[in-house]
Protein chains: 2
Amino acid sequence: MARFIESHSCFDCQCKSSIFNFLSEPELGLINQNRYEVSFKAGEIMFKQGTPSPHFLCLTSGLAKLYIEGYGKNLILSLVRPVEYIMGPGIYTDNRHHYSAAAVEDSTACLVDVNSFKQLIRTNPDFADEFIRRISMMTIFNFEQVVSLTQKQMHGRIADVMFYLSEKIYTGNPFEMTISRQDLADLSGMSKESAIRILKEFKDEGILHIDGSTVHILNPQQLKQISQTG
Amino acid sequence: MARFIESHSCFDCQCKSSIFNFLSEPELGLINQNRYEVSFKAGEIMFKQGTPSPHFLCLTSGLAKLYIEGYGKNLILSLVRPVEYIMGPGIYTDNRHHYSAAAVEDSTACLVDVNSFKQLIRTNPDFADEFIRRISMMTIFNFEQVVSLTQKQMHGRIADVMFYLSEKIYTGNPFEMTISRQDLADLSGMSKESAIRILKEFKDEGILHIDGSTVHILNPQQLKQISQTG
DNA sequence: TTTCTCCATTGACAAATATCAATGATCGGT
DNA sequence: ACCGATCATTGATATTTGTCAATGGAGAAA
């Protein structure tokens, strides 16, 4: 389970989300006072879909997955790298989590009181603008995702996920894929077996080099082509 | 194409979206001054994905569809009934439309200047809160949609869309389905032929009564069951 | 080291879904 | 009423994708 860890201060935090740069010193103080730090081991659930959400979460180290628990299987909405906050649409509606979050790697996070945050949205227009901008970016990401998931075939979806992992999550090529094959399947909306099969195909065709959890995109052009032809 | 029509005033508009009740009289005046009315015939495009979005749209009569133009086919994100505004995530990011909108029935709408709106978000916290709340509601709707589209089989997806049409769009049972079969397919993420076939199956099983564009959900319990079992 | 468990992999098969082609129905314009 | 165009329907078939079952492999616990 989650463990409380030594508490620092938001003021000298090297790892606070850049949205907090829009806050004045006293405003940041409000956040700092209503905050505590927790650590999670890989695999542990951070919060669960359906439960109340009095706090939002700011990931300070590790890697987390956000996923919707659907009909028998999960859909991973996104992976989250530090430093980023995790705040769902329930904050402004029913105060419930609309997706679950779990640590993929050992992680640490700050839990921050939601009401303090919402108060700052009301009083600091720059902060509010930035918040809305970030929500909008997530919405755009969701749009791209739903189009990929509903209109592309499996090869295109796996290609998309490979680029996502390489460019956004592990920021490298080759990269060490710390998510499981099941997670890969949940990201691309298919069965685990299908995901594995397509990975193998890409390997056999020389598009990817795969050795256990290490993945190297050998032929990005061809992979991009596969992404676009669906 | 779109036609300009006689301009009224936001102040005595019986059909303004309820979010504007959060505005004071002078604030509503700002909206009123930067607004014009347009009418669209059924089938006409209101705005197109990828184009700049200096205005947002407030639908005052008719029925519109919001759809993403994907890889060879469209995905309908939602249908919009008056009175509701239509504002995409581009407003706060790249000032582009991230989906297209088209009139399904003959429609009228007000086009409102985006900057006036954004200015009010900065100065009126209640208005901003309500705006964020509505964005959040849409996000939650998108989540439900993506789970339905990616995790349910065709029968379940058609069942979901039938409830959506009956409860949210046409608010009646039976209802006159003014969208085409292709639209139905684009709403449920399948081919037109598959959508028609499942409609016919439901008809043969006595779950729906279908006569041309008139649909009557005869057995909501069984349809709900189909929705849930995927 | 041995065992156990979980995750990954593979193959065979079944189910779901799309595509293609043909036909029927409907509706506005003449 | 007639015509042309678009939309709806249906059947046959091909493709995509999932499921099931079996096996392999790596790491944790004894």
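Chain A is the first sequence line, chain B the second, and so forth, proteins listed ahead of strands; every chain is numbered from 1. In this text, all values refer to a predicted model and were calculated from it rather than measured experimentally.
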Residue list, side chain to side chain donor-acceptor pair (under 3.5 Å) with B:R197, at least two apart or on another chain: none

Pull out every protein N or O sitting under 3.5 Å from an N or O of nucleotides 27-30 of chain C, one pair per line with the distance.
none

Separation of D:dT17 P from B:M190 CE (nearest whole Å): 15 Å

Residue pairs involving residues 163-186 of chain B (criterion salt bridge (charged side-chain N to carboxylate O under 4.0 Å, His left out); sequence neighbours excluded): B:K65-B:D183

Backbone of B:R157 reached by a side-chain donor or acceptor of B:S148 within 3.5 Å: no

Integer-rounded Å distance: C:dA18 C1' and A:Q151 CD: 14 Å

Within 6.0 Å of NZ in A:K73, more than 12 heavy atoms from elsewhere: yes

Aromatic plane relationship, B:F117 with B:Y85 - under 30° parallel, 30 to 60° tilted, over 60° perpendicular: tilted

Partner set under ring-ring contact (aromatic ring centres under 6.0 Å, His included) for A:H55, not counting sequence neighbours: A:Y36

Residues forming a ring-ring contact (aromatic ring centres under 6.0 Å, His included) with B:Y170, sequence neighbours excluded: B:F175

Bending between helix ends of the helix from C:dT1-D:dA30 to C:dT30-D:dA1 [5 pairs per end, 10° resolution]: 40°

Reading 5' to 3' through nucleotides 5-16 of chain D, protein heavy-atom contacts under 4.0 Å coded B for base, S for sugar-phosphate only, - for none: ---SBBBB---S

Salt bridge (charged side-chain N to carboxylate O under 4.0 Å, His left out) contacts touching residues 91-106 of chain B (sequence neighbours left out): B:R81-B:E105

Donor-acceptor pairs under 3.5 angstrom involving side-chain atoms of residues 216-223 of chain A: please list them, not counting sequence neighbours.
| from | atom 1 | to | atom 2 | distance (Å) |
| --- | --- | --- | --- | --- |
| A:N219 | OD1 | A:Q222 | N | 3.1 |
| A:N219 | ND2 | A:Q222 | OE1 | 3.0 |

By ring-ring contact (aromatic ring centres under 6.0 Å, His included) - contacts of A:Y67 (at least two apart): none

Aromatic ring proximity, centroids under 6.0 angstrom, A:F47 and A:H97: yes

Whole angstrom value for the distance that separates C1' of D:dT17 from NZ of A:K152: 18 Å

Between P of D:dT17 and CG of A:L149, the distance in whole Å: 12 Å

Whole-Å distance separating the NZ atom of A:K203 from the P atom of C:dA8: 14 Å

Phosphate OP1/OP2 of C:dA18 contacted by B:S194 side-chain N/O (<4.0 Å): yes

Derivation of the side-chain contact (heavy atoms from CB on, under 4.5 Å) call for A:L77 and B:F143: CA-CA 9 Å; A:L77 294 173; B:F143 284 175; 3.7 Å; yes

Listed partners of B:F141 passing ring-ring contact (aromatic ring centres under 6.0 Å, His included), at least two apart: B:Y164

Contact residues, residues 66-78 of chain B to DNA chain C [heavy atom, < 4.0 Å]: none

